[in-house]
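Keep in mind that the numbers below use all heavy atoms, side chains included, and drop hydrogens, waters and symmetry copies. None of these values were measured; they are calculated from a predicted model. Residue numbers start from 1 in every chain, and the chains themselves are labelled A, B, ... in the order their sequence lines are given, proteins ahead of strands.
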Amino acid sequence: MTRNARSDGLHRAVRSFAAGDRSRSFGDLALEIAEFQRAFSAGFARLWASRGGHGQSVDDIPGVPCDAFRLARVAVHPADEDQLRFYTSGTTSGARGMHAMRVTETYQELALAFGRAALLSTAGPHHVVALAPLLDDPPSSSLGHMMARFMVDFEGRGAFDVRSPERWLIDERGVNLTGLEQAAARASERGETLLVLATSFALVGMLDTLEGRTLPLPEDAVVMQTGGFKGKTREIAPAELRAAIARTFAIAEAQIVSEYGMTELTSQMYEASLPGSVLERERHGAPGVYSEPPWLRVVPVDPTTLEPVPSGEIGIARIVDLGNVDSAVAIQTQDRVRRVEGGFVLLGRAAGATPRGCSLAIEEFLSQGAP
Amino acid sequence: MSDFQSEARRARLEPLFASARSLADAASERGKQARERLAASSGLSPQGVDFALLRCLETAPDEAEIATLIRATPSAQVAHVLLSANVFVAAHRAIAIALAASEQVRVRASRREPEMAELLLAGAPGSFQLVDELSPRPGDRLWAYGSDQTMDEVAVTLPAGVALHAHGSGFGVAVLAGTHSDSELSALLRALAEDIVLFDQRGCLSPRVVLLQAEPAVAGGLARELARELAHALAELEQRVPRGQLTVQELSEIAKYRDAAYFTGEVLEAGLGFVTVADTAHSGSWLLPPTGRNIHVLTSANARASLDPHRPLLTSCAFAGDPGLREALRRALPGARLCRFGEMQRPPFDGPVDRREL
């Protein structure tokens, strides 16, 4: 069977799994995808061989370090077959990681399915805006692309200009507060639930601009917040930020849902805590606890051996995402996590390795724009 | 500066040099004590401490170099020194620079590595003051060594009128160009292995990347050959100078680096460390290895151009190749110490090892 025929078959199998088909288990599918990647990615084949080349269980699949996406092409197919290329924000002089996708349907189906479950609190109509810069064309940010897909799918009003400035409420002057007020008014007039998709640094920027003033949203509004700060603004503790957003928007804290995702993944994770959402009904998640979709698993591993840690202990996250059919089915992050009832908690990034001193730390190298 | 001033400055340095000499002497009581205390504080193996003291502590600096250091050092009412950890011998040069600047020298040692400053002071009592906190005043000068983050923190807390000489983070690179016989190449790589092993690669002069300048058609094969030879040299040296203890964070960075290197090229075990080689297809991206005796081999048809983007971070460049390229690198990297393989950790005693503020 050709590479693309195998890939297409795996994509179908993953989408079918996401739709509820359990004729193949998560582990079997993960191993099948890993075998496929080993056959068509020399880099992954070398990495797997370094572990002895045995693939008995999903825990045997080595995670491709996120750095590899910056250093090399992480894809089983050639560049001319890319349908989408998402770039990490990372550094400024070309050192951005790239996640190439040959098949976009899987990304869209998986992102939409779990996004709907986590972010829609009612079956009624929604109005979606983003506290993010205008989506570029073609989209280079996976987050921006996802936000645009949510606008189209969650509103269900058919085709509209997803690049309309009234949808993207950050520009060179900062957060467009008037635009957000207008979106809130539109949603109220139409009886739609307002969904605000926002990055953490945009929310902090907004709070700074408001200087303690409020900007009330409709009482059923939902805010999805995602991402770290990456030095773009002052940092605020998650609980403090959540409380400040709730106070500013005059909504309940439970209506603020955190998302955890990254360019190197196809799928996303959410807090299962939004009242009325499918995810909350099924999992009763607590704020701060991220819930995985059935087609993704977060495994805390020991930072030095990369072996899974005992249940309840802190490790760095190896993420097995069945959606990554054509790139890396398992990725190794430096995010510290601990499994808890109903999911996992994020504990920030592992501290830089180099003891303080004059030797250059890897993160310093990257932050200074290494090509 | 008058001859008298210059002589006075030179005289202030002599007790420090004598103190350093006695520390380097493994047979002396002070030498033995230094080895014990530094092995405990630095995390290096006892052999690693001994190797560093014997190879890198400047016990008999060249007079011409000392004269250059004195000429290049501005005077100060009070000279303050904020020491870094990791490279314990650096305390010696840092204090010497301060003594060249002022009769009054106040030193704050690193909390992680306080031993070397104390050991130097014990052998040169009264030549400088060890303090817990530095409080520079207008007219004073502060020589600070450490991470860029520390330098930023220092800069914003310093009172107006205090001159800051900040020496932040950096790394070294080794450039190999031209043709070399097998025996020459072996000797070069054994020397480079010493540069890597010293201080378990935690210094800002430590090499982290080898850049091989070669034509693309042959570069991949040459790089793999070089990597094998270097891995052998490192493993051999590790028998004599074992690696010390690494932190969990360092080991974690190494695991991440190793796996990224497997994905992008070849990984060779080199004792407890690794030598990695990039596929020529990925040679444009630099995989910077973490500390702990790891080095990445890259190829380039134009070494000078490949180094250019990293110029602000390069403190040291070992070079072996034709004189024309050496001269081009010297001009292109004014902030980096250009030296021979095996001499990266022993720059001339003519001022701070980090010349990037020049």
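Nearest heavy atom pair, residue B:V248 against residue A:T304, reads O-CG2, 3.7 Å. Of all non-hydrogen atoms in A:P65 and B:A260, the two that sit nearest each other are CG-N, 3.4 Å. Residues B:A255 and A:P303 come closest through the heavy atom pair CB-O, 4.0 Å. A:F44 and B:F263 make their closest contact through N-CE1, 3.5 Å (heavy atoms, listed as atom of the first residue, atom of the second, distance). Nearest heavy atom pair, residue A:R46 against residue B:G265, reads NE-O, 2.8 Å.
No more than 12 heavy atoms of other residues, nucleotides or ligands shown are found within 6.0 angstrom of CZ on A:R338. Dense packing is recorded around CD of A:E313, with more than 12 heavy atoms of other residues, nucleotides or ligands lying under 6.0 Å away. Heavy-atom neighbours of A:R3 CZ from other residues, nucleotides or ligands within 6.0 Å: above the threshold of 12.
Put simply, CG on A:L71 and CG on B:D279 are 11.5 Å apart, with the number rounded to the nearest 0.5 Å. In this structure, the separation between CZ on A:R70 and OG1 on B:T264 is 9.5 Å, given to the nearest 0.5 Å. Between A:L306 atom CG and B:S252 atom OG the span is 7.5 Å, to the nearest 0.5 Å.
With a threshold of 4.5 angstrom between heavy atoms, A:T305 does not approach chain B through any atom at all. Interface residue A:L47: backbone and side-chain heavy atoms are both found under 4.5 Å from chain B.
When the ring pair (Phe, Tyr, Trp, His ring centres under 6.0 Å) test is applied to B:Y257, no partner is found at least two apart in sequence or on another chain.
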